[in-house]
2 protein chains.
Amino acid sequence: MPATPVLMTAKPAGPRKRRRRLLSEEGILDAALALIDETGELTMSALAARLGSTASSIYHHISGRPAIIEALRDRITREIPHVHEGEEWTSELGRMMRAYRDAFARHSRLIPLVTAQTLTAEGPAIAYEHIVRLLSAAGFPDRELLLWVSVIDNFVLGCAFDLAAPEDVWRREGKDTPALDAAVAASLTGAERADAAFDLGCEALLVGMRARLAAENSPQ
Amino acid sequence: MPATPVLMTAKPAGPRKRRRRLLSEEGILDAALALIDETGELTMSALAARLGSTASSIYHHISGRPAIIEALRDRITREIPHVHEGEEWTSELGRMMRAYRDAFARHSRLIPLVTAQTLTAEGPAIAYEHIVRLLSAAGFPDRELLLWVSVIDNFVLGCAFDLAAPEDVWRREGKDTPALDAAVAASLTGAERADAAFDLGCEALLVGMRARLAAENSPQ
DNA sequence: ACCTGAACACCGTTCAAGT
DNA sequence: ACCTGAACACCGTTCAAGT
């Protein structure tokens, strides 16, 4: 992860002694993501300090803080791999959901920043496109396709948030919540809990979806 | 919704002419929620203006902006009704999930503010307590109880976020996403889409949970 | 073309001074 | 006990001045 810009040798017939540009959009995004991963925050001055520059310099490469966050959303969601055809649709969808969630899980502190502003990046739409194709091929009716995309997106987003929350949200001094406290004591903790919850919910959702599809395609 | 403090008549033998306090915690929270519902933002100065007071005055009643947001989370989640026993557990859980989601749906612009800070309010724990009891009585093993609470919480939170998003997130000029664009055109829009997605996902989740429970309790 | 310090409008919060 | 203006430290962003 080169947070500092790459210094290149001068181009063959280029103007000599011309200092290479200090900043680039890619370098700014690298530094911003690293900063968010480490601190959970993104301020322009902290970002500039990490880049060895000043806050105002950044604006020559990107329009502002919201654009940086949106570009990071785009970058993260484009990591979601394509569907490879020819597999049972539920296992393929399960694989996509896991990849979608893992992409955000790797940068969980980015999530509150991303969900605080309106989605304009294209990355998520690419993932949605694949999910729509998969569901359509599986036999879901056209009018339901976007609904299922919403269901999947909502669940995955919620799980990503879950992973970003500090552990001691559950480990509280219980006041009149004995059943909850006992459940906390009997459960996995931390990332293991969040992972297991995702697996369980994902499986339940897929079973429910298959049942729905079967009911729709059977002669009523 | 009385955003302005109630003016009471002087107490029997109390000190006369003592002006009634201008602010109260309850009045501050009422005004803050109304402000968030209307603008989607919460600044101390805007809040003070709505209360006919000054920003610094607010700090005599509540510790600061995070405390206001947390108190609102508490207030909203305490609206979730209790479970009434004696019903089939899936329909009862479905009713709770709907109530949980509706509580946030009524104030969807609060959600990004609430999810930007760590949960400390007690309200959610009360709702979790009821869900744990319900699932335990239904027959789920102790080690799974908190996992299912997580699943439900994640899905409901994601759906609440979905409802807060502007409509034109889906109505984009499609670039190489023909299947998605067709799905958008064939689907419900706006709150109707979000509602239908919640219903569909909720039903699928409950079907999947029932199947899981049956598999666990049957002799393998 | 790119960088920079200074300035701007705006935050949340603190505090001494009032009643 | 409660309220207030002024001040503080900190934001994101703009802009004229530099190279």
Side-chain angles (χ1 to χ4, degrees), chain A residues 3-8 10-11 13-29 31-32 35-36 39-72 110 112-114 116-118, chain B residues 3-8 10-11 13-29 31-32 35-36 39-72 110 112-114 116-118:
Chain A
T4 50
V6 181
L7 289 177
M8 303 178 65
K11 290 190 300 178
R16 298 265 297 134
K17 288 241 178 82
R18 196 84 174 80
R19 194 180 43 173
R20 199 82 183 90
R21 68 208 195 322
L22 285 179
L23 301 178
S24 68
E25 179 166 335
E26 202 181 346
I28 290 168
L29 296 180
L35 189 62
I36 292 167
T39 69
E41 289 172 1
L42 176 66
T43 71
M44 299 304 277
S45 56
L47 178 57
R50 178 179 273 263
L51 289 164
S53 182
T54 66
S56 53
S57 300
I58 296 170
Y59 290 82
H60 288 99
H61 298 88
I62 196 159
S63 70
R65 200 185 97 111
I68 294 175
I69 293 172
E70 204 56 25
L72 290 178
L110 173 63
L113 306 190
V114 141
Q117 66 187 41
T118 300
Chain B
T4 49
V6 181
L7 288 177
M8 302 178 65
K11 289 191 302 179
R16 298 266 296 135
K17 288 236 178 88
R18 196 88 175 76
R19 194 178 45 175
R20 201 84 184 89
R21 68 210 195 319
L22 285 178
L23 302 178
S24 67
E25 179 167 336
E26 200 181 346
I28 290 169
L29 296 180
L35 189 62
I36 291 167
T39 70
E41 291 174 359
L42 176 65
T43 71
M44 299 303 278
S45 57
L47 178 56
R50 176 180 274 263
L51 289 164
S53 181
T54 67
S56 52
S57 300
I58 296 170
Y59 290 82
H60 288 99
H61 298 88
I62 197 159
S63 70
R65 200 184 96 112
I68 294 174
I69 293 171
E70 204 58 25
L72 290 179
L110 173 64
L113 306 190
V114 142
Q117 67 187 42
T118 300

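In the text below, chain A, chain B and the rest are named by the order of the sequence lines, each starting its count at 1.
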### Query
With a 4.0 Å cut-off on heavy atoms, is L47(B) in touch with a base, just the backbone sugar-phosphate, or nothing at all?
nothing

### Task
Would you indicate what L42(B) reaches in the nucleic acid, counting non-hydrogen atoms under 4.0 angstrom: base, sugar-phosphate, or nothing?
sugar-phosphate

#### Entry: Side-chain donor or acceptor of H61(B) paired with backbone N/O of I28(B) under 3.5 Å
no

### Heavy-atom pair with the smallest gap, counting every atom of A116(B) and P112(A)
CA-CB, 4.4 Å

### Task
Calculate the interatomic distance between M44(A) atom CE and dA9(C) atom P; express it in whole Å.
20 Å

### Task
Examine distances only and state if a side-chain atom of E25(A) and a backbone atom of I62(A) form a donor-acceptor pair shorter than 3.5 Å.
no

### Query
What dot-bracket string describes DNA chain C from 5' to 3', counting Watson-Crick and G-U wobble pairs whose defining distances are under 3.5 Å, with [ ] for crossing pairs and | for pairs to another strand?
||.|||||...|||||.||

### Task
Spell out, as yes or no, whether a donor-acceptor pair under 3.5 Å connects the side chain of S57(A) to the backbone of S53(A).
no

### Query
In whole angstrom, what separates L113(B)'s CG from dG12(C)'s P?
11 Å

### Query
Could you state the CZ-C1' distance from R65(B) to dC11(C), rounded to the nearest angstrom?
9 Å

### Separation of atom CD1 in I62(B) from atom C1' in dT13(C), rounded to whole Å
14 Å

### Query
Within the side chain of Q117(A), is there an N or O that forms a donor-acceptor pair under 3.5 Å with the backbone of P66(A)?
yes

### Task
Look only at the side chain of R65(A) and the backbone of M44(A), and say whether a donor-acceptor pair between them is shorter than 3.5 Å.
no

### Summary
Checking dT4(D), dC2(D), dT13(C) against the side chain of S53(B) (C-beta onward), the nearest is dT4(D)

### Query
Can you tell which of dC11(C), dG12(D), dT4(D) lies closest to the side chain of L22(B)?
dT4(D)

### Task
Figure out the CG/P separation between L51(B) and dC3(D), and round it to whole Å.
10 Å

### Summary
Per atom distances to the H61(B) side chain, the nearest of dT13(C), dC3(D), dC2(C) is dC3(D)

### Query
Quick one: what's the B/S/- string for nucleotides 14-19 of chain C, heavy-atom cutoff under 4.0 Å, read 5' to 3'?
BB----

#### Entry: Atom pair CD1 (I69(A)) and CG (L113(A)), whose distance is rounded to the nearest 0.5 Å
5.0 Å

### Task
Measure the distance from CG on L35(B) to C1' on dG12(C) and round it to the nearest whole Å.
15 Å

### Query
Does the side chain of L47(B) come within less than 4.5 Å of I68(B)'s, by heavy atoms?
yes

### Query
dT13(D), dG5(C), dC11(D): which one has an atom nearest the side-chain heavy atoms of T54(A)?
dG5(C)

### Task
Nearest whole angstrom, please: distance from the C1' of dC2(D) to the CD of E25(B).
15 Å

### Message
Measure CZ/R21(A) against C1'/dC2(C) and give the value in whole Å, please.
### Response
10 Å

## Note on the structure
Between A32(B) and L42(B) the two heavy atoms that sit nearest each other are CB-CD1, 4.0 Å

